[in-house]
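The structure under discussion appears below in the form of structure tokens.
One-based numbering, in listed order, for ligands and for the atoms of each. When a residue number appears, it is its place in the shown sequence, counting from 1.
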Amino acid sequence: MSSSITVQAGLMIERILSLEIVRVTERAAVSSARLRGRGNEKAADQAAVDAMRRELNKLPIDGTVVIGEGERDEAPMLFIGETVGNKKGPKVDIAVDPLEGTTLCAKDMPGAIAVMAMAEGGTLLNAPDVYMEKIAIGPGYPAGTVDLDASIEDNIRALAKAKGVKPEEITALILDRPRHADMIAGVRRIGAAVHLITDGDVAGVIHTTDPKNTGIDIYMGIGGAPEGVLAAAALRCIGGQMQGRLVLDTDEKRARAAKMGVKDPKKKYDMKDMVRGDCLVAATGVTTGSMLRGVRFEKDRIYTHTVVMRSITGTVRWIEAEHRQLEKFHLD
Ligand code: VTB
């Protein structure tokens, strides 16, 4: 087979898979949505994990989970290194967060999603389950407009200048945590606004890509590293800039990271270091948020709302699905 035919075949498979991954996040979302507001984070997460794993294993891929529920000893399913798929397809890296925002789901608060990314094998950053410092802005700004190593004030000023507005017209989205007290104060000191979220920073980063509708210009702060890679994959599809740096503040964390191939513990990753090739990303709403509507159950129908993105073309599809035949939907 000539190489161009191989490439064509690869692209075709990738196009088909972009619909397949929608099924995966839809089913994870439906399963966890049944447990919305029940105050049981673990059960909701487990339901999403089970559904996601079952669906992933039906896909025509030779997949390896590189971002998953945790490292092998702490996660029985979808652990880092687990292989998924029927092996009759391309070698791919899989990043999953079956229920991003378990607390949001358990409390039936806005913004819980089921999310996954798929990329060519060996192209996603194998991030350990530690924190990551992150900064992200949407598309349309010159490269290097903001930087993880610049001061908060300088970043806000530079972003405002690039947008052609005053710093007062900039809104930063930050996870509401005590560790961000100085950051929040810094943003406010320069006159910009802070939009706080309790959880869910994958969606938080994605908000920066559509400031007109979300009101969010910049994401900053420390959240999970796995969520950072998922967010970078989404940004790679939609456009935007992101940097991340693992927080490896103990010997134990540095050793774990080294075992996963991290050579420089202080490395500042940009979006293309975290996601080194083309990827697909899908996210389905579990609870209604500003980006996605949550799952809606009716007597014999289930409604889901999903966004699926392909970096190769930059296409972003919003899919509203009406599902029937509940008994065949593998909800339990
Ligand atoms: C982050 C964020 C997630 O949990 O991982 C956060 O990326 C963890 O921060 O979206 P804390 O340890 O301070 O809670 C989420 O908000 C939800 O899982």
Requested in this report: Check side-chain contact (heavy atoms from CB on, under 4.5 Å) between Pro167 and all other residues, then give those that pass, not counting sequence neighbours.
Outcome: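 Partners of Pro167 by the side-chain contact (heavy atoms from CB on, under 4.5 Å) criterion, ordered by chain and then number, come out as Ile156, Arg157, Ala160, Ile190.
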Report task. Identify, with sequence neighbours excluded, every residue that meets side-chain contact (heavy atoms from CB on, under 4.5 Å) alongside Ala150. Result ->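 Scan of Ala150 (side-chain contact (heavy atoms from CB on, under 4.5 Å), adjacent residues dropped) gives Asp147, Asp154, Asn155.
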**Report entry** Residues Thr287 and Asp108: side-chain donor-acceptor under 3.5 angstrom
**Finding:**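 No, Asp108 and Thr287 have no side-chain donor paired with an acceptor closer than 3.5 Å.
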Report task. Name all pairs fulfilling the side chain to side chain donor-acceptor pair (under 3.5 Å) condition that reach into residues 189-207, sequence neighbours left out, sorted by first residue then second. Result ->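 Those involving residues 189-207 are Lys134-Asp201, Glu153-Arg189, Arg177-Asp199, Asp201-Tyr219, His207-Ser290.
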Report task. Return the protein residues near ligand 1 (heavy atom under 4.0 Å from any of its atoms), ordered by chain and residue number. Result ->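 Close residues (ligand 1, cut-off 4.0 Å): Glu100, Tyr131, Lys134, Leu175, Arg177, Arg179, Asp199, Gly200, Asp201, Gly223, Gly224, Glu227.
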Query raised in the report: On the ring face of Phe297, is Arg36 found with NZ or CZ under 6.0 Å from the centre and within 45° of the axis?
Result: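 Not flagged: Arg36 not positioned over aromatic ring of Phe297.
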Query raised in the report: Under 3.5 Å, side chain of Glu133 to main-chain N/O of Leu148, donor-acceptor pair present?
Result: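 Not confirmed, Glu133 side chain does not pair with Leu148 backbone.
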